[in-house]
Amino acid sequence: MPKLGLGTWQNTDAETCAESVAHALDLGYRNVDTAQAYDNEEYVGEGIAAANVDREEVFLATKVWISNLAHDDVLASTDESLDKLGVDAVDLLYVHWPAGEYDAEETLPAFDELYDAGKIARVGVSNFEPRHLDAARELLDAPLFANQVEMHPLLQQDELVDYAQEHDLTLVAYSPLARGKVFEVDELTEIAEKHGVSEAQVSLAWLMGKENVVAIPKASSDAHIEDNFDALDLELDDEDVAKIESIDREQRQVDPDFAPW
Ligand SMILES: NC(=O)c1ccc[n+]([C@@H]2O[C@H](COP(=O)([O-])OP(=O)(O)OC[C@H]3O[C@@H](n4cnc5c(N)ncnc54)[C@H](OP(=O)(O)O)[C@@H]3O)[C@@H](O)[C@H]2O)c1
């Protein structure tokens with residue numbers, strides 16, 4: 001899975017969404033993240049079709065919403081997602097949250113069926129804690145490929161990083177800019193000024209520098225899409241990393257009532 005992806009939550013204007021996806025792909029992004037709940041799968045699909053990049057080169061992921069996690073609803077809603085995205089298969093399909101209709105023994109066999117049918121190339125979960133990951137790995141026939149969770153310098157997720165490295169899962173860092181909070185942290189501004197880059201790039205480079213970690217910043221403007229892409233060229237030194245590690249506040253930006261923690 002490419003180390004940097006484009007997030008699309010709240011990118012719901014048809015034209016803006018399709019253009020941002022196409023611009024990102026033309027620039028060099030090869031990883032796009034959407035979800036049934038984002039109400040934009042159709043526009044993401046349009047962006048992929050409009051870009052000068054073959055479908056096979058793009059790592060495309062979507063997620064099944066919590067009201068669609070009963071066995072038959074997983075199958076039917078995934079068919080709808082593929083239809084909206086305009087693709088035969090996605091590269092990764094996630095359980096969006098272990099909540100709502102999620103029942104590991106009912107939900108996960110449906111993911112195995114989709115995997116066996118070739119409609120999804122990989123199985124993922126999102127917002128799973130170690131106990132949910134243990135249960136899912138036990139129940140699934142397909143390998144569990146990824147866990148997508150909130151992660152950034154203010155929420156460093158050490159336990160889930162260790163788990164991912166130990167069990168060879170990809171940890172996909174969502175809200176990697178802490179939904180804008182990274183711009184308000186003095187230590188990150190100091191590192192950004194030292195390298196002549198943005199705080200966004202510092203956060204992304206720190207995340208992408210970790211083994212098994214991928215980052216999916218959301219950006220809808222061309223300038224933000226380009227700024228984030230440049231993080232691939234930023235190398236932080238040990239002093240920068242130590243400074244970032246000293247600022248963990250275990251501060252979440254995404255914390256709905258149905259969260260499992
Ligand atoms: N699995 C889950 O439950 C879950 C939950 C949350 C998010 N996600 C995924 O993760 C993605 C990213 O998370 P997020 O959208 O919550 O937040 P984020 O990526 O941390 O932050 C996005 C915000 O930062 C701005 N931004 C982006 N790049 C910037 C830059 N270089 N300089 C200044 N501002 C910049 C964006 O503005 P513009 O849009 O104006 O460019 C947007 O307002 C989502 O889009 C979604 O795909 C998944």
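Atoms within a ligand are numbered from 1 in the order they appear, just like the ligands themselves.
Under the 3.5 Å distance criterion, with hydrogens and angles disregarded, a donor-acceptor pair is assigned to the side chains of R179 and Q10.
For the side chain to side chain contact (heavy atoms under 4.5 Å, CB included) with P176, the qualifying choice from V182, L207, N228, L4 is L207, the only one to do so.
Judged as a side-chain hydrogen bond (donor to acceptor under 3.5 Å, both in side chains), and not counting sequence neighbours, N147 has no contacts.
The aromatic ring centres of Y163 and F128 sit 6.0 Å or more apart.
For residues 82-100, every residue pair satisfying the salt bridge (charged side-chain N to carboxylate O under 4.0 Å, His left out) rule, not counting sequence neighbours, is listed here: R55-D91.
Contact residues for ligand 1 (protein heavy atom closer than 4.0 angstrom to any ligand atom): G7, T8, W9, D33, Y38, K63, H96, W97, S126, N127, Q148, Y174, S175, P176, L177, A178, R179, F183, A200, I216, P217, K218, A219, S220, S221, H224, D227, N228.
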Can I get a per-line list of side-chain donor-acceptor pairs under 3.5 Å for residues 254-261, giving both atom names and the distance, sequence neighbours left out?
from, atom 1, to, atom 2, distance (Å)
D255, OD1, W261, NE1, 2.8

